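Right, one structure below, let's go through it.
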Number of protein chains: 2
Amino acid sequence: MTLYESSETCSYLSGSDAIKLLELIHKSLTCEMEDDFTALFPKIQELFPFKFALAMLGQQDNNGMIMLSGANISFPEQWLHESISKNYLQVDAVIKENFTTYEVQHWSVTRKKLFRREDINSLSQDFGMRECYTHGSRPSAGGQNGSMFCFSSTSMKYDMRTVAILEFLTPHLHLAFSHIFENKQAKVNNAVLSSREKEVLNWLKQGKSSWDISVILGISERTVNFHVYNVLQKLGATNRPQAVAVATRLGLIDIG
Amino acid sequence: MTLYESSETCSYLSGSDAIKLLELIHKSLTCEMEDDFTALFPKIQELFPFKFALAMLGQQDNNGMIMLSGANISFPEQWLHESISKNYLQVDAVIKENFTTYEVQHWSVTRKKLFRREDINSLSQDFGMRECYTHGSRPSAGGQNGSMFCFSSTSMKYDMRTVAILEFLTPHLHLAFSHIFENKQAKVNNAVLSSREKEVLNWLKQGKSSWDISVILGISERTVNFHVYNVLQKLGATNRPQAVAVATRLGLIDIG
DNA sequence: CACCCACCTGTAAGTAATGACAGGTGATAA
DNA sequence: TTATCACCTGTCATTACTTACAGGTGGGTG
């Protein structure tokens, strides 16, 4: 049984902790852009101290986790740059552990558990990131992406209060961050098709034939087929059913 | 500016209120079935007293709100029966107000505001439901349904603490209730198509032609068309693109 | 101006899908 | 046993779609 199901987890929290968490969770509901999300972190700092924070969204794959999106709240850019160039993010044991167990981790605890020693990599030490809490959420209904949030500093004691805070907060950070990512993706994808192409696609979804659409739009059937052909090319689809499926997945057309 | 955005809303809450809310919100994240959802309400009763509770999910329509799903937590069955048979749910001003403003309502306050008088309908009075708080969430990204939650009793004072509790709690009740509804719908819809039909549909979505699928499944092309035809009939679609769209909407095939 | 792009249109050949006809098997439930 | 249902198969005529070819218009940008 993880602490998630334990009813005593909140006993580590004070009333003012709980109120701050409530406010944070409430604010997380209305995050639409990355700025809204970033704005949560100063408030998290009021709950427990950290210098650096990082958010990551990943998608499960055959080979492992693929990073979809990262929001660097306050990590040193150089650390990120070196970590990415040296492929640390793909091989790091803590990250693997996160995307396997999705439980709260404390670097020294995890490393002791995995390697039977506590030392961290020199890169992190150079930047004054001697300790770090990480916690993420697993892919769930309504979202197929997993997440990971890092809170790092020179020294962070492992204590149950921080664990409890993360367990209450992380699922909502995950929802907010996923939501922002999907917004962003839909925006990017939205530019792929022209307005006429989206219009045609929306009628296709409704079961209309080329002839139907030509009447609806007041253009020739040939032109409808022309638009459809362009949609197929742009979406990499081989026929109309796939085009509808791809467009739906990319958020280009409404589900309804 | 509504209380939602006010940073002082939580000042009406005690630390123990906040902890109970946190626990409730956390539990709401893992609700998969209606029982899980119903189990939240005894915990809500620890926050503020009420005798009867009701959850409703509705979909915006040209004419108004259509009820999609209701969970009767503890309302008198007879009250519900009479309300439905007398069409109260369609004409009730409080319900209309909920699905317009989506703000916390207190029956006597709302009625005073709308009708300049406080009296309630005799039906509710007969059942000892003299007062009621209602609050819901508007349709949002990732869910097109609005919700309404009622908490009723013989006497409920209007106070800011209860309002604050509802404002913090309701969005999460909404998410949980919507999620349960979608689960239920997907389950119902899932029985509509046979396993072979779903298999064919999933290949259609991938852009495969009838011939492709016949090779993949090791059956004749004619049989693939037979299955597709049955899918079209069952889903009420006129062609493959629409079938893919409908199946996606009903949760019959994965989006990915 | 030249260029790109969204938008529009035509012809035509080949391929795919639709919807009707007809029929057969095997498992499971009344 | 009779019935039902998922599953399977065939033919055939009609309609729809795909993908080439060819081209024209108007708006905006470098």
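Since we're looking at a predicted model, the values are computed, not measured. Labels below follow one simple rule: chain letters A, B, ... track the order of the sequence lines, proteins then strands, and each chain is numbered from 1.
- Note: CG (B:Asn230) to C1' (D:dT4) measures 15 Å, nearest angstrom.
- Interface limits on DNA chain C: the 5'-most and 3'-most nucleotides within less than 4.0 Å of chain B heavy atoms are C:dA17 to C:dC21.
- Whole-Å rounding puts the A:Ile213 CD1 to D:dA16 C1' distance at 12 Å.
- In this entry the distance linking NE2 of A:His227 with P of D:dT18 reads 15 Å, nearest Å.
- Checked by atom type and distance alone, the side chain of A:Asp61 never pairs as donor or acceptor with a backbone atom of A:Ile66 at under 3.5 Å.
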key: Evaluation steps, side chain to side chain donor-acceptor pair (under 3.5 Å), between A:Thr38 and A:Asp35   = CA-CA 5 Å; A:Thr38 309; A:Asp35 288 349; 5.0 Å; no
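- One distance of note links CD of B:Glu103 with CZ of B:Arg138; it measures 8.5 Å at 0.5 Å rounding.
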message = Run the side chain to side chain donor-acceptor pair (under 3.5 Å) test on B:Asn145 and B:Ser178 for me, step by step, so that the C-alpha distance in whole Å, both residues' side-chain angles and the decisive distance to 0.1 Å come before the verdict.
response = CA-CA 7 Å; B:Asn145 304 325; B:Ser178 302; 5.7 Å; no
inquiry  = side-chain contact (heavy atoms from CB on, under 4.5 Å) for B:Leu232 and B:Thr238? Distances and angles first, verdict last.
reply    = CA-CA 6 Å; B:Leu232 295 184; B:Thr238 60; over 6 Å; no
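- Contact annotation: A:Ser210 reaches the phosphate of D:dC17 (side-chain N/O to OP1 or OP2, under 4.0 Å).
- Of the listed nucleotides (D:dC7, D:dA16, D:dG10), D:dC7 has the atom at the smallest distance from the side chain of B:Arg196.
- Between the B:Thr101 side chain and the B:Asn98 main chain, no donor and acceptor come within less than 3.5 Å of each other.
- A close approach under 4.0 Å does not occur between any side-chain nitrogen or oxygen of B:Ser209 and OP1 or OP2 of D:dC17.
- Taking atom CD of residue A:Gln242 and atom C1' of nucleotide D:dC17, one finds them 15 Å apart after rounding to whole Å.
- At D:dA20, one or more side-chain N or O atoms of A:Tyr229 fall inside 4.0 Å of OP1 or OP2 (strictly under the cut-off).
- In this structure, the CD1 atom of B:Ile219 is 9 Å from the C1' atom of D:dC7, given to the nearest Å.
- Residue A:Thr223 is classed as a base contact, given a heavy-atom separation below 4.0 Å to a base.
- Annotation for B:Lys184: atom NZ counts as buried by contact number, over 12 foreign heavy atoms lying within 6.0 Å.
- Of the two residues contacting DNA chain D, namely B:Glu197 and A:Leu232, the nearest-nucleotide position lying further toward the 5' end is that of B:Glu197.
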